[in-house]
Protein chains: 2
Amino acid sequence: MTERTDRADRSTVERDPEAVSRFVEHFAAQLVEAGVPRMPARVFAALLASDSGTLTSAELGERLRISPAAVSGAVRYLAQVHMVSREREPGSRRERYRVHGDQWYEALTSREAIIKRWEHALREGVDSLGAATPAGRRLAETLAFFEFVDTEVAQMMNRWRTERERLFGSQDDH
Amino acid sequence: MTERTDRADRSTVERDPEAVSRFVEHFAAQLVEAGVPRMPARVFAALLASDSGTLTSAELGERLRISPAAVSGAVRYLAQVHMVSREREPGSRRERYRVHGDQWYEALTSREAIIKRWEHALREGVDSLGAATPAGRRLAETLAFFEFVDTEVAQMMNRWRTERERLFGSQDDH
DNA sequence: CCTTAACTTCACAAATTTGTGAAAGAAGCG
DNA sequence: CGCTTCTTTCACAAATTTGTGAAGTTAAGG
């Protein structure tokens, strides 16, 4: 589809900026539809599509055509939800941002904090509406579901780590 | 219609509108934080906290102090993401909206459509960046993760149905 | 058929969110 | 220590999203 190759056979070569950008924008658009704010989505996609899995602020601004301020904001958001981590580059005052392979989809999947607050709100609801009322029972069941999911997801992620090991070697990036 | 006795000892009674409202607003707030638009979140919470699990458009407007238009918009949204279903009330042209017990958190959890599109975008990415490149490998792994989650979640939901049966009787609402 | 109850659509005002340029803050390096 | 390079913060303009009143649509019930 996009005209790939002719020559180029070492793995690290043949990076067509066109193609990369197309993927970045397309994938970012999907994230946006799922509720991720626009800039964070684009920054994240760009990192995902980079060979090293890390980019500096300058590189991000350049590739996405956005201001340093926008990069800063996006990265702050992504760090907060644990989808990227930031690392100071030893020499220069440059900062690098990294998609941390595993860690990020764990964040996506579990949503720890959010679920916990839902559970809390539901407990309050059961209390104040009364566990014996129909509505109270519905809330209690919903609560039970979330608690169930909590433990199941944790187990699932363990299985994934095994599966991942099986499919790909130990580590890949990082 | 509001004003339902005092005395009260049958399970269906003793609904303190104050307390209900507090729960509705609190839970809705949590949903909003998780990315659900405000009105849909409030409407949904109201349904969840109702004894029958169904409310008419008029009842919703009244309890939440919002216009019919707002109700309409919110319900359209919720129906689209399968968090409520609408049913025509046989006699009158009134419409009822219902939280369908199970169905809704299944929707919340699986997100079928969204995940599928992510997977699609990722496949394209692997193709156009090249499966042999570091970035391509990262995308491939991410893709594998989502595919893994797909099947795992399906199984998890089956287990939940069993568990639910065990905890609560066969059906509760509906 | 006409009336009327119930929901939906539409245009728009208000509120919120986004991204930017400019200025201010850190931190390496001479 | 001061210069320089990078990043963050801030105020604001632009774009988007929200919720409303009002007009439009549909169908029940005379």
Side-chain angles (χ1 to χ4, degrees), chain A residues 21 24-25 28-47 50 52 54-81 83-98, chain B residues 1 21 24-25 28-47 50 52 54-81 83-99:
Chain A
S21 174
V24 167
E25 296 306 330
Q30 303 305 327
L31 291 177
V32 168
E33 276 209 34
V36 182
R38 171 180 289 262
M39 283 296 126
R42 300 217 298 148
V43 165
F44 182 74
L47 283 169
S50 72
S52 63
T54 76
L55 292 172
T56 65
S57 179
E59 290 169 325
L60 283 167
E62 185 179 296
R63 298 190 185 196
L64 299 174
R65 304 299 188 74
I66 57 180
S67 70
V71 175
S72 177
V75 163
R76 172 152 32 104
Y77 175 96
L78 291 170
Q80 216 148 31
V81 298
M83 286 174 69
V84 310
S85 54
R86 27 194 1 159
E87 25 189 87
R88 229 325 135 336
E89 194 163 81
S92 200
R93 49 245 144 262
R94 226 167 221 150
E95 198 140 308
R96 295 188 93 59
Y97 308 112
R98 141 170 288 145
Chain B
M1 214 68 349
S21 175
V24 167
E25 296 306 329
Q30 303 306 328
L31 292 177
V32 168
E33 276 209 34
V36 182
R38 170 181 289 262
M39 284 296 128
R42 299 216 302 148
V43 165
F44 183 74
L47 282 169
S50 71
S52 64
T54 76
L55 291 173
T56 65
S57 180
E59 290 170 325
L60 285 167
E62 185 180 296
R63 298 190 186 193
L64 300 173
R65 304 297 186 77
I66 57 181
S67 70
V71 175
S72 177
V75 164
R76 173 151 31 105
Y77 176 95
L78 291 170
Q80 215 148 32
V81 299
M83 285 174 70
V84 310
S85 54
R86 30 197 354 164
E87 23 189 88
R88 228 328 142 328
E89 195 162 80
S92 202
R93 48 245 147 259
R94 227 166 220 148
E95 199 142 307
R96 291 187 98 56
Y97 307 112
R98 140 169 288 143
V99 271

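Labels below follow one simple rule: chain letters A, B, ... track the order of the sequence lines, proteins then strands, and each chain is numbered from 1.
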Any base atoms under 4.0 Å from [X], or only sugar-phosphate, or nothing? Heavy atoms, all strands.
X: A/Y97; result: sugar-phosphate
X: A/S72; result: base
X: A/R86; result: sugar-phosphate

Handout entry: side-chain contact (heavy atoms from CB on, under 4.5 Å) involving A/Q30 - partner list, sequence neighbours excluded
Key = A/H26, B/R117, B/W118, B/A121
Atom-pair distance ([atom1] on [X]; [atom2] on [N]), nearest Å:
X: B/R76; N: C/dC7; atom1: CZ; atom2: C1'; value: 11 Å
X: A/E59; N: D/dT7; atom1: CD; atom2: P; value: 10 Å
X: A/E62; N: D/dC6; atom1: CD; atom2: C1'; value: 15 Å
X: A/E87; N: D/dC6; atom1: CD; atom2: P; value: 18 Å
X: B/R94; N: D/dG29; atom1: CZ; atom2: C1'; value: 15 Å

Practice task
Can you check each nucleotide of nucleotides 11-30 of chain C against protein heavy atoms at under 4.0 Å and return B for base, S for sugar-phosphate only, - for none, in 5' to 3' order?
Solution key: --------SBB------S--
Handout entry: For A/E59, salt bridge (Lys or Arg N to Asp or Glu O under 4.0 Å) partners two or more places apart
Key = none
Handout entry: side-chain hydrogen bond (donor to acceptor under 3.5 Å, both in side chains) contacts in which one or both residues fall within residues 66-79 of chain B, not counting sequence neighbours
Key = none
Handout entry: Heavy atoms of other groups near B/R38 CZ, more than 12 under 6.0 Å
Key = no
Exercise for the section: Could you list the residues that satisfy side-chain hydrogen bond (donor to acceptor under 3.5 Å, both in side chains) with B/R65, not counting sequence neighbours? Expected result: none
Practice task
Please list, chain by chain and in numerical order, all residues satisfying side-chain hydrogen bond (donor to acceptor under 3.5 Å, both in side chains) with A/R63, sequence neighbours excluded.
Solution key: none
